[in-house]
Amino acid sequence: MNNKKLYITTTLPYVNAEPHIGHALEFVQADAISRYFKSKLGKENVFFNVGTDEHGQKMFKKAQEEGLEIQEFVNKYAQRFKDFCKLFFVDYDFFYRTSDENHHKAAQEFWKRCKEKGDIYKKRYSGKYCVGCERYITEKELVDGKCPDHGTEPEEKDEENYFFKLTNYKDHLLKWLDSNPEVLKPKQKREELKRIIEEIEDISISRLRENLPWGIEVPDDPEQVFYVWFDALTNYVNVIGFGTDEEKLNEWWPGIQLFGPDNLRFQGVIWQGMLASVGLDHSQKLLEHGMVLGPDGTKMAKTKGNVISPFDQEEKFGAEIVRFYLLVGIPTFSDSAYKEDDLINMYNSRLANNFGNLLNRVIHLAQSKGVEINKEELVEQDFKRKVDSMREEIESYYNDYEIALAAGKIDELADWGNKYITEKEPWSKELDFDTCQNILNNLGYLLKTVIELYSPIVPESCSKAKIALERNEKIILFNKI
RNA sequence: CGCGGGGUAGAGCAGUGGCAGCUCGUCAGGCUCAUAACCUGAAGGUCGUUGGUUCGAAUCCAACCCCCGCAACCA
């Protein structure tokens, strides 16, 4: 935490298909981090950006296949992502769309600045182009004349394009990574990133408009449009004022970026080179989440029939339970299988039996004993110190974006509450009123802490829990499944 | 020899040189305020294999075996 403002952004998903479980993971992780820091720093000091990447040849083709006007097509899918956010309680501050006019202007401004810096040049290029990858494939990469990633034959292309001199920044980027070893999480990925930087090449950043009518026009060259990645990446700073409001930009940038394993080269290298070109700081933090694997522990694929749909899961279990499992049940920064049995077990034992049940027993006892449980002055100092020191540990996990570990520690706190109540037996008829009142207020304080710290993960339930505790009303917070 | 990550209890994981741990599950007991919940205890591991370094290795080194990702809707 270097200053009071915090900016966090997901990558912009390509809108040529339905949101999948990987998007869900990234979005809810970013949302949990955003919610935590909003509670910590104040809502106005956190800015949480999500959005959709809507240009590119793939999009153009897909729209034609569906027989829709391209803008109509991207509108449809962008809306799907908005609905998806709403469904999973992803409370963004801005939904960025790259087909928006403001984005076009800002991306063009970005281009101009790179050009003024001397980092953009024009070069004739001929080679084999894979539409699936949106890039040229070298002869060496081809497998039986086909793209190794998409299994399709690349198109022969011979055109003049603009290139970005990423190689200018090779040494700079290596130095940056060396002197900021903590910038990338998890740290095991650092070597991989370093290798990618070492093998850096200049990248093609435009296409001929005649081949791709759907894109942003290159400044001073109406025959060319932006290469999709070059325009999409600029969103991260455009949304906070690049090219329009430098003061605002300085307030928020550098930010925290979340992305999936396949995106390391774009977020960690190309984008960082672009930032250097326009004279902006590098990202404050690069968080590479894991991959959600099928129940069998291998990558999801329709052909294998092990695909988990976030919409199906929501229908089956409800959004918060799916959120909980994505955030807590699978490790924050490594690949993990999505298993419904684990989801059920984990939800029942951790939320229903531990946290939910404790809340219920405390409120129930408070009611039957006629005790107020929100009197902080009645909380014993030793007890308070213990809870506060647990809170510190939990917050330090959150501050390090370790959501799953933070949740584990919150469970420990609730678990300790269950041991405490069993030991103190506040239901015993032998106890005098004051002692009972102290015990229950201790527990009330513990629960208040648990509720507050669990809010970023299960926001709706926690806001219900908070009200129940304040009003001393019994509630079954988490029904067992 | 393409690059990278991993192999620790039935499952999921933590553990960077000093008595192998946590959660879930299983079994036994206890409690009874509570959502058949909660508390206590027990069983369960040659830490992938082999060799090496060391007083001492899950941990360091070497070789090998296996799984996964990069990489086929995609993050």
Side-chain angles (χ1 to χ4, degrees), chain A residues 10-14 16-27 29 62 130 132-133 140-141 143 146-152 186 188-196 199 258-267 288-294 296-304 307 309 328-331 333-337 339 341-342 344-369 404-405 408 411-412 415 417-429 436 439-440 443 474-481:
Chain A
T10 61
T11 47
L12 304 187
Y14 224 47
N16 60 351
E18 290 285 312
H20 53 64
I21 200 82
H23 296 128
L25 177 70
E26 183 169 317
F27 279 47
Q29 276 192 1
K62 192 87 186 198
C130 174
C133 302
K140 214 172 112 187
E141 286 174 292
V143 176
K146 290 177 178 173
C147 167
D149 298 352
H150 295 88
T152 51
Q188 300 96 284
K189 296 281 179 176
R190 205 182 304 144
E191 279 308 308
E192 189 181 340
L193 178 59
K194 199 169 171 182
R195 190 175 292 271
I196 297 173
E199 290 169 5
L258 275 83
F259 55 93
D262 67 328
N263 238 265
L264 185 59
R265 87 179 293 115
F266 290 102
Q267 310 301 329
E288 181 183 323
H289 61 249
M291 174 175 285
V292 183
L293 304 171
D296 57 352
T298 68
K299 187 171 163 153
M300 292 182 198
K302 280 175 187 161
T303 50
K304 278 193 274 185
V307 174
S309 145
V328 174
I330 63 186
F333 295 106
S334 57
D335 300 352
S336 182
K339 296 185 181 178
D341 284 354
D342 285 356
I344 292 167
N345 276 337
M346 210 167 272
Y347 167 79
N348 282 338
S349 67
R350 298 176 68 166
L351 288 184
N353 296 347
N354 193 28
F355 172 20
N357 185 45
L358 180 65
L359 178 74
N360 205 39
R361 36 195 323 205
V362 169
I363 292 176
H364 181 85
L365 279 164
Q367 280 183 356
S368 64
K369 298 279 181 180
L405 296 179
D411 289 340
E412 241 178 74
D415 185 54
N418 271 312
K419 287 179 172 59
Y420 176 83
I421 197 172
T422 303
E423 188 200 330
K424 296 293 179 185
E425 301 183 3
W427 50 84
S428 162
K429 295 188 173 66
C436 182
I439 293 167
L440 291 178
L443 286 160
K474 277 189 80 172
I475 185 173
I476 298 293
L477 194 55
F478 301 106
N479 276 299
K480 289 191 76 164
I481 49 176

Output the rounded distance in Å from [atom1] ([X]) to [atom2] ([N]).
X: A:K189; N: B:G69; atom1: NZ; atom2: C1'; result: 7 Å
X: A:L358; N: B:C39; atom1: CG; atom2: C1'; result: 13 Å
X: A:E423; N: B:C38; atom1: CD; atom2: C1'; result: 14 Å
X: A:N418; N: B:U32; atom1: CG; atom2: P; result: 16 Å
X: A:K429; N: B:U32; atom1: NZ; atom2: P; result: 10 Å
X: A:D411; N: B:C38; atom1: CG; atom2: P; result: 12 Å
X: A:K339; N: B:C13; atom1: NZ; atom2: P; result: 7 Å
X: A:N345; N: B:G10; atom1: CG; atom2: P; result: 17 Å

- Message: Going by side-chain hydrogen bond (donor to acceptor under 3.5 Å, both in side chains), A:N354 matches just one of A:N418, A:N348, A:D411. Which one?
- Response: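 Only one of A:N418, A:N348, A:D411 forms a side-chain hydrogen bond (donor to acceptor under 3.5 Å, both in side chains) with A:N354, namely A:N418.
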- Message: Does B:U35 have its OP1 or OP2 closer than 4.0 Å to a side-chain nitrogen or oxygen of A:N348?
- Response: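 False: A:N348 side-chain N/O out of range (4.0 Å or more) of B:U35 OP1/OP2.
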- Message: I want to check one thing: is the phosphate of B:A36, taken as OP1 and OP2, less than 4.0 Å away from some side-chain N or O of A:K480?
- Response: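 No, outside the criterion.
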Candidates [options] - which lies nearest the side chain of [X]:
X: A:S336; options: B:C33, B:C13, B:U35; result: B:C13
X: A:I476; options: B:U35, B:G69, B:C33; result: B:U35
X: A:M291; options: B:C33, B:C39, B:G69; result: B:G69
X: A:T298; options: B:G69, B:C33, B:C24; result: B:G69
X: A:F478; options: B:U35, B:A71, B:C31; result: B:U35
X: A:E192; options: B:G4, B:C31, B:C13; result: B:G4
X: A:W427; options: B:U32, B:U35, B:C13; result: B:U32

- Taking the nucleotide of RNA chain B with the closest heavy atom to each, which residue, A:D342 or A:G22, is nearer the 5' end?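 The residue whose closest nucleotide sits nearer the 5' end is A:D342.
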- Message: By nearest heavy atom, map A:L351 and A:V307 onto RNA chain B; which one lands nearer the 5' end?
- Response: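 The residue mapped nearer the 5' terminus is A:L351.
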In whole angstrom, give me the gap between the [atom1] atoms of [N] and [M].
N: B:A57; M: B:G48; atom1: P; result: 15 Å
N: B:A71; M: B:G7; atom1: C1'; result: 23 Å
N: B:G25; M: B:G12; atom1: P; result: 16 Å
N: B:G17; M: B:C24; atom1: P; result: 29 Å
N: B:C60; M: B:G56; atom1: C1'; result: 13 Å
N: B:C55; M: B:G69; atom1: P; result: 43 Å
N: B:U32; M: B:U49; atom1: P; result: 48 Å
N: B:A20; M: B:A58; atom1: C1'; result: 8 Å

Could you measure the distance from the [atom1] atom of [X] to the [atom2] atom of [Y]? Nearest 0.5 Å is fine.
X: A:I21; Y: A:E26; atom1: CD1; atom2: CD; value: 13.0 Å
X: A:K474; Y: A:L365; atom1: NZ; atom2: CG; value: 9.5 Å
X: A:S334; Y: A:L293; atom1: OG; atom2: CG; value: 9.5 Å
X: A:N345; Y: A:R350; atom1: CG; atom2: CZ; value: 11.5 Å
X: A:H289; Y: A:F27; atom1: NE2; atom2: CZ; value: 10.0 Å

Using a cut-off of 4.0 Å on non-hydrogen atoms, how would the nucleic acid contact of [X] be classed: base, sugar-phosphate, or nothing?
X: A:N357; value: base
X: A:G297; value: sugar-phosphate
X: A:D415; value: sugar-phosphate
X: A:R350; value: nothing
X: A:I363; value: nothing
X: A:N16; value: sugar-phosphate
X: A:V362; value: nothing
X: A:M300; value: base

Identity of whatever pairs with [N] - Watson-Crick or G-U, under 3.5 angstrom:
N: B:C3; value: B:G69
N: B:A42; value: B:U26
N: B:U59; value: none

- Task: Return yes when atom CZ of A:R265 has more than 12 non-hydrogen atoms of other residues, nucleotides or ligands closer than 6.0 Å, and no otherwise.
- Result: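 Open: at most 12 neighbouring heavy atoms sit under 6.0 Å from CZ of A:R265.
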- Message: Show the nearest heavy-atom pair for residues A:L25 and A:G290, with the distance to one decimal.
- Response: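 Looking at all heavy atoms of both residues, the closest pair is CD2-O, 3.4 Å.
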